[in-house]
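Nothing here was measured: the structure is a model prediction, and the numbers come from that model. Both ligands and their constituent atoms are indexed starting at 1 by order of listing.
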Amino acid sequence: MDAFGALYDHIQALRIIDTHEHLPFESDRPRDADILSEWLIHYFSCDLVSAGLSDAGLAFARDSGKSLKERWAAVAPYWRAAESTGYGRSLALAARDLYGVDHIDAKSIEELDRRFKAARAKGGHYQFVLKEKSGVDLAIRDAMPTPYRETDDPFAFAMSVNDFISPTHYCDMRALGEEEVVKVHSLGDWMETTRRHIERHVDGRSRVVCLKCSLAYQRGLRFDKITQSDAERAFNEFFADRNLPDWRSSFKAGKALEDWMMHFVCRVADENHLVIQIHTGLQEGNGNFIADSNPTLLSNLFLEYQGAKFDLFHMGYPYIMELGVLAKNFRNVFIDMCWGHIVSPEAARRALVEWLDAVPANKISAFGGDYCFVDGVYGHQLLARRNVAQALAQKVADGSFGLDRAREIATWLFVDNPKHLFGLERLLE
Ligand SMILES: [Zn+2]
């Protein structure tokens, strides 16, 4: 057997850790979903729009109350244009291996929909897709249920810190303060609320295993060092007459407050040795400022908060080389390939081939599905397993290391690295 075949067999047999998902709990999935309304929630829908589908056309395609045949006809030319992207291939793999449909087209869409609905009606679909077909032992879900409650497998949780760094209304701050038995009137009260919320949930005993920041969707990732008086002035804006009543619409926190609170969150993470997952690279949706998401903008945080661990998402795509440099350079920076294998399978392979030359192999987590619907996770993990096998086979072929080392690295990337980084051993016994 060639190196690829040997590595693919090894990787296919692994029970893997999934570092990042947005899946609803199975019982919370919308009752009236059909194949197009669910599969076009995100990702491939963006490729359809990129291919030329109008906003109205996408809304029509997502409307499960309308005729499936007509909705298919409306998206078909764009589907055809985009079906060979990573997103498209992920769905094609799910259709083939979960529902026995070899090609998604006008002839098969109704049968695919019937099988999709039958699988939901039967129940146990998460168990089937995540555990049996995808071989996922544990997935870190973004975000934890609020208020937090313990749930069973297969989820651990990330705690979003966005609302603490970038609050949007005093009434939300007051409510979060009440949860932590703090009356919020000053910046100091807000910091105390934030600290208590983090330390109460991410305590090394619950299933909440890390923090998560996705602010690169709405601002640049450079968080400057701010004086307390400037942060306090920005905080007090929430108490201006025009903002204070509960019925007034929400309000954009000033950059000074966001910068101050991001530093404070990193400080709490530093003191408690917590992992912070940070969105870097491509933002989901159509249209954003990619330069906001450059992971090098976070360097001052890596330097200042050396006890915190920064798990940088999405391969930093397109800032793949930059992310490699950061992971090579900083003890507390880790590469997370979540979402990456479907954004561009080729970029994921190329990145891994390069990183394995520059970055120690204990710094990379290979897989996070990053889907809002469970069927996508299957296609993504299959692409991820293939990509890693191909990248490692290339390293074996060019003499970088032997097959045994390649197998060892594969197990580290899919299992041991995320298990150690997030302290998941206690949840997997
Ligand atoms: Zn995500």
Side-chain angles (χ1 to χ4, degrees), residues 16-25 28-29 38-47 85-87 90-91 94 126 129-130 134 136 138-146 154-163 165-166 207-219 221 275-290 292-295 298 309-320 323 334-345 347-348 351 364-381 383-384 418 421-422:
I16 62 177
I17 304 294
D18 176 343
T19 60
H20 181 57
E21 290 295 353
H22 295 275
L23 299 172
F25 293 114
D28 294 342
R29 296 164 81 201
E38 185 155 307
W39 282 19
L40 296 182
I41 293 172
H42 65 154
Y43 296 159
F44 192 57
S45 56
C46 296
D47 282 352
T85 66
Y87 296 163
S90 176
L91 296 185
Y126 274 31
V129 176
L130 288 177
S134 304
V136 170
L138 191 66
I140 299 176
R141 180 181 182 269
D142 180 346
M144 69 183 199
T146 48
F155 296 125
F157 300 101
M159 189 200 116
S160 172
V161 289
N162 293 358
D163 291 347
I165 296 166
S166 184
R207 299 184 77 86
V208 189
V209 296
C210 61
L211 308 178
K212 166 76 194 296
C213 169
S214 55
L215 292 174
Y217 277 88
Q218 64 188 60
R219 56 159 286 162
L221 286 177
V275 183
I276 313 179
Q277 296 183 320
I278 301 184
H279 180 106
T280 71
L282 176 70
Q283 300 100 341
E284 159 64 1
N286 293 96
N288 208 321
F289 297 97
I290 189 62
D292 280 350
S293 73
N294 187 330
L298 295 161
K309 293 173 182 163
F310 297 88
D311 183 50
L312 302 188
F313 269 16
H314 314 315
M315 319 191 304
Y317 184 76
Y319 304 104
I320 286 170
L323 182 54
F334 297 81
I335 293 173
D336 196 318
M337 298 182 76
C338 62
W339 192 16
H341 300 276
I342 52 171
V343 168
S344 167
I364 305 168
S365 294
F367 178 67
D370 206 359
Y371 266 102
C372 291
F373 58 95
V374 71
D375 294 344
V377 179
Y378 172 80
H380 193 174
Q381 61 80 34
L383 287 170
L421 178 60
F422 298 102

According to the interplanar angle, ranging from 0 to 90°, do the rings of Tyr43 and Tyr87 count as parallel (below 30°), tilted (30 to 60°) or perpendicular (above 60°)?
parallel

Is His22 close enough that one of its N/O/S atoms sits under 2.8 Å from the Zn ion (ligand 1)?
yes

Distance flag, aromatic centroids of Tyr217 and His279, threshold under 6.0 Å:
yes

Strictly under 2.8 Å, is the Zn ion (ligand 1) approached by any N, O or S atom of Glu21?
no

Going by the angle between their ring planes, with limits at 30° and 60°, are Trp339 and His314 parallel, tilted or perpendicular?
perpendicular

Can you label the angle between the His20 ring and the His22 ring as parallel, tilted or perpendicular, going by 30° and 60°?
perpendicular

Measuring from the Zn ion (ligand 1), name the closest N, O or S atom belonging to Asp370.
OD1

Do you see an N/O/S atom of His314, backbone or side chain, under 2.8 Å from the Zn ion (ligand 1)?
no

